[in-house]
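Heavy atoms only: backbone and side chains are in, while hydrogens, waters and symmetry mates are out.
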Amino acid sequence: MKHGFTLTEMLVALALTAIAIAIISEGVRQTIGFQGQLQSVREARETRTATLEAVRARLEQLVPAERTDADDETGILFEGQPRRIVFLSADPGYPSAAGVYEYTLVLTGGDDEDVDAPAPPHLILIRRSLTDLSDFGRTSDDARRWTLPLSEPLVFGYAGPDSPPAAAWRDAARYPSLVTLSADDGEAPALSVRLPRIRRETGGEPANGEATQ
């Protein structure tokens, strides 16, 4: 004689089924959350890499130039500070028109920042066409600006071929040979860029296509 399930057996089966569904749902939720975290880490790493490569691309196309001021003193067109660097760089023509542009890179996110900038940390990249070398380093309304995210606050560093790394570059007669981007804690640089080798021929005339005024 066949017997059906008792009410107690049905309740026990339903309870076990509910427990199994809850366990499976929690596992699925944790898997989705973990995948989301991996995606966020991957996107942050890709964004950081793109930002650093933007810096590298501009510095590797640095154009050496110098100008003579009103006191007849000649100085290079380069300004290197811990959180700000200004220099001339050649753009190949895409996406902008080919030519020499003035680039200003500003880092935000440090304890000593003194710029009006978006929430840290970021790299602010400012580019403007420079037709008159006497305007180097001056503010302009026609400059284009990009804000690129960073995963941590960074600072610039500078070194010459025969000088140790320094937080700023104050040599008015020559360019640094190496520019770095490092975290404040002094660990290994996130980026090291060796600038184009800049030489001078005998007689004091600039070589390798240096622009002068």
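Using bins of under 30°, 30° to 60° and over 60° for the plane-to-plane angle, the ring pair Y103/F87 lands in the parallel bin.
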- Task: Go through R58 and D91 one step at a time and tell me if the salt bridge (Lys or Arg N to Asp or Glu O under 4.0 Å) criterion holds.
- Result: CA-CA 8 Å; R58 300 282 69 79; D91 277 3; 3.3 Å; yes
- Query: Going through the checks in order, is the side-chain contact (heavy atoms from CB on, under 4.5 Å) test met by T17 and I19?
  - Reply: CA-CA 5 Å; T17 301; I19 293 173; over 6 Å; no
- Carefully, step by step, assess L195 and L59 under the rule side-chain contact (heavy atoms from CB on, under 4.5 Å). CA-CA 7 Å; L195 300 186; L59 287 173; 4.0 Å; yes
- Item | Verdict with reasoning, I124 to I126, per side-chain contact (heavy atoms from CB on, under 4.5 Å) | CA-CA 6 Å; I124 301 175; I126 305 170; 4.0 Å; yes
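Using a 4.5 Å heavy-atom cutoff, the side chains of P64 and L62 are in contact. You'll find the side chain of T51 reaches within 4.5 Å of the side chain of P149, heavy atoms only. Side-chain contact between L130 and D135 is present, with heavy atoms from C-beta onward closer than 4.5 Å. Considering only heavy atoms from C-beta on, R194 comes within 4.5 Å of S177 through its side chain. The side-chain heavy atoms of Y175 and Y158, taken from C-beta on, include no pair separated by under 4.5 Å. L107 is listed as a side-chain neighbour of F156, based on a closest heavy-atom distance under 4.5 Å.
Under the 4.5 Å side-chain heavy-atom criterion for Ile, Leu, Val, Met, Phe, Trp and Tyr, V193 and L178 are members of distinct hydrophobic clusters.
In terms of heavy atoms, L133 sits closest to L77 at CD2-CD1, 3.7 Å. Shortest non-hydrogen contact noted between G160 and S163 is N-OG, 2.8 Å. Contact between A65 and L88 at its shortest, heavy atoms only, is CB-CD1, 3.8 Å. Considering every non-hydrogen atom in both P121 and P153, the closest pair reads CB-N, 3.8 Å.
Summarising the geometry, atom CD1 belonging to I76 is positioned 9.0 Å from atom CD belonging to E66; distances are rounded to the nearest 0.5 Å.
Listed by first and then second residue, the salt bridge (Lys or Arg N to Asp or Glu O under 4.0 Å) pairs that reach into residues 23-37 are E26-R29, sequence neighbours excluded.
Residues satisfying the side-chain contact (heavy atoms from CB on, under 4.5 Å) criterion with D171, sequence neighbours excluded, are W169, A173, R174.
A salt bridge does not link E102 to R127: none of the charged side-chain nitrogens sits closer than 4.0 Å to a carboxylate oxygen.
Of the candidates R83, R84, E79, E79 is the only one forming a side-chain hydrogen bond (donor to acceptor under 3.5 Å, both in side chains) with Q81. Under the side-chain contact (heavy atoms from CB on, under 4.5 Å) rule, L148 has a single partner from L105, V55, L123, L52, which is L123.
Side-chain contact of T180 with S192: a donor-acceptor pair under 3.5 Å is absent, judged by distance alone.
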